[in-house]
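Scroll down for the structure; my scribbles are underneath it.
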2 protein chains.
Amino acid sequence: MTSAEHLYSKYSSTLSSCDLFSNLKKEEWLDLLAHFHEEKWSKETCIINHQKFLFHFYIIASGRIKMYNVDEISQKEHTLFLLKKGDVFDLLCLLDGIKHKVYYECLDNIKVLAIPMDKLRAWLNNNPIYYKNFLSYSGKIMRTLEENVSQLIFANISTRLLKLLLDNIDKKSNQLQLINDLPNKELAFLIGSTRAVVNRHLQELKKNGSISLQRNQVEIKDTSLLLKELEKQVKNRI
Amino acid sequence: MTSAEHLYSKYSSTLSSCDLFSNLKKEEWLDLLAHFHEEKWSKETCIINHQKFLFHFYIIASGRIKMYNVDEISQKEHTLFLLKKGDVFDLLCLLDGIKHKVYYECLDNIKVLAIPMDKLRAWLNNNPIYYKNFLSYSGKIMRTLEENVSQLIFANISTRLLKLLLDNIDKKSNQLQLINDLPNKELAFLIGSTRAVVNRHLQELKKNGSISLQRNQVEIKDTSLLLKELEKQVKNRI
DNA sequence: GGTTGTGAATGACTTAAGTAGCACAGAAAG
DNA sequence: CTTTCTGTGCTACTTAAGTCATTCACAACC
């Protein structure tokens, strides 16, 4: 079994969940996977060297990585994206080869598939039809970013927090996914606020019975109540 | 002279300033321009029909168009981008063919070059190497959007206004470009604020002598003073 | 000419959100 | 076991920014 075949069978679910390479046939994957290797990064690893991402491109196989920004002056943090299985980085470095001034931190123990940038670029040049996938993926990210900008301008913290919770409720379990075990501080960074303010709003939600709180844990008690709160917020905006 | 040749000679400066199609040879342009036609839109034209951009793709030949968002509830506006000569729209519709919920308004009398979406997509499919241009252009926009998000979270209105002014000062004339004839309200929409607040900050800048104000006009008096103000803001952020 | 409308300037008021501080609980570490 | 550390809950305070209302100046228009 070649290394590519090994990776293909081991990470098939990751590869199929990866929008960026959707519709690749097995032979094409094997061709591409020949250049990949796996890496493990342990929880709380921080990658603050922007240069690193000029040389390798990564696909997350398991665990969460936050991509964040730090204000040089105030040292405030803001989480741009919470990356999970099937997500890739750093797309901006791939596209134009220019340093991307963001930081990465592993929220869990991580497995990634790594490929040298030049190999991936060469592969794309040989298979330019796959640029199309990359374009529609970029489009998706742009839509997300635009949506974020709008939220920041139009919505207050309370609304942004409610949306964060509602957007991350798993339809099946009716509980939070992806963000369910984060401390208040991390929730705050996701919506561009601070721990104290987020906690203030969470206490309100707890008081009306829509959530319950434990250390590093927000439990959803009543989704419909959360939706009602969101509507209340919306009305206040008029 | 074919229609393509006519457009090529008439709009050569626009075409060469268009990043999305950089490095096209004359023959390639003529090939592509065969599908283009020109349109004129008069000042203050609003395009609120999101569907329109599913069918045609536009390159601005002259004048400014603002791409903006309106909060459905509060009716507040936010200007996402001020498009000018050489800019294109709507990229997101091109990439994934999904409606893009933004509005457009002509700030001047406009000339655009228009091409049916399907023709452009077909051209790209026949010349997939040009996907690359589109990708690096998308990258540029993503960087801008990310930068905007950071600004919104880390910087206050005063800082954002100062940056808006400083970023739009023409190096040669030392005066504002692109935004020089906008009323306070439009400046406010560019930084996600309101007329009254922007005016308050502009009055401060006027008081310290860095700018002077007239109806629909901000005149730069002293760039170094503006920079000093910006530094003051930065210090306050610590 | 007068009327209307838009944009600017200004002051008073309200409020959400950021800030600072502290006490407490439980987890982690020794 | 004790100590240390992290996350939470809560209070009091500050402030930037949004809101509202009014006056003024000037441009556009009839």
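Every chain is numbered from 1, with letters handed out A, B, ... down the list of sequences.
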Practice task
Give every residue pair that meets the salt bridge (Lys or Arg N to Asp or Glu O under 4.0 Å) criterion with at least one member in residues 198-211 of chain B, sequence neighbours excluded.
Solution key: B:E204-B:K207
Problem - Distance, rounded to the nearest Å, where B:F154 contributes CZ and C:dG18 contributes C1' - result: 15 Å
Handout entry: Side-chain N or O of A:S158 closer than 4.0 Å to phosphate OP1/OP2 of C:dA16
Key = no
Exercise for the section: Check the distance between D:dG9's P and A:L187's CG and give it to me in whole angstrom. Expected result: 12 Å
Practice task
Rounded to the nearest angstrom, tell me the gap between atom CG in A:D181 and atom C1' in C:dA27.
Solution key: 15 Å
Problem - Atom-pair distance (CD1 on B:I153; C1' on C:dA17), nearest Å - result: 14 Å
Handout entry: D:dA16 OP1/OP2 closer than 4.0 Å to side-chain N/O of B:H201
Key = no
Practice task
Could you state the atom-to-atom distance from CG of B:L162 to P of D:dA16 in whole Å?
Solution key: 15 Å
Handout entry: Between B:E229 and B:N208, a side-chain donor and acceptor under 3.5 Å
Key = yes
Exercise for the section: Would you tell me if any nitrogen or oxygen in the side chain of A:T194 comes within less than 4.0 Å of OP1 or OP2 on C:dT19? Expected result: no
Problem - Rounded to 10 degrees, the angle between the two terminal axes of the helix from C:dG1-D:dC30 to C:dG30-D:dC1, each from five pairs - result: 40°
Handout entry: nucleotides 4-9 of chain C: protein proximity per nucleotide (B base, S sugar-phosphate only, - neither; heavy atom, under 4.0 Å)
Key = --BSBB
Handout entry: Pairs satisfying salt bridge (Lys or Arg N to Asp or Glu O under 4.0 Å), at least one member in residues 88-98 of chain B, at least two apart
Key = A:R143-B:D96
Problem - For A:E146, salt bridge (charged side-chain N to carboxylate O under 4.0 Å, His left out) partners two or more places apart - result: none
Exercise for the section: Quick one: list whatever passes salt bridge (charged side-chain N to carboxylate O under 4.0 Å, His left out) with A:E38, sequence neighbours left out. Expected result: A:K10
Problem - Under the side-chain hydrogen bond (donor to acceptor under 3.5 Å, both in side chains) test, residues paired with B:N216 that sit two or more places apart - result: none
Handout entry: Integer-rounded Å distance: D:dT19 P and A:N156 CG
Key = 11 Å
Exercise for the section: Figure out the CD1/P separation between A:I157 and C:dA17, and round it to whole Å. Expected result: 5 Å
Practice task
Report the residues that fulfil salt bridge (charged side-chain N to carboxylate O under 4.0 Å, His left out) with B:K172, sequence neighbours left out, ordered by chain and then residue number.
Solution key: none
Problem - Length of the line joining B:L161:CG and D:dA16:C1', which is rounded to integer Å - result: 14 Å
Problem - Residues in side-chain hydrogen bond (donor to acceptor under 3.5 Å, both in side chains) contact with A:S224, at least two apart in sequence or another chain - result: A:D222
Practice task
Go through A:L107 and A:L82 one step at a time and tell me if the side-chain contact (heavy atoms from CB on, under 4.5 Å) criterion holds.
Solution key: CA-CA 9 Å; A:L107 297 184; A:L82 260 193; 3.5 Å; yes
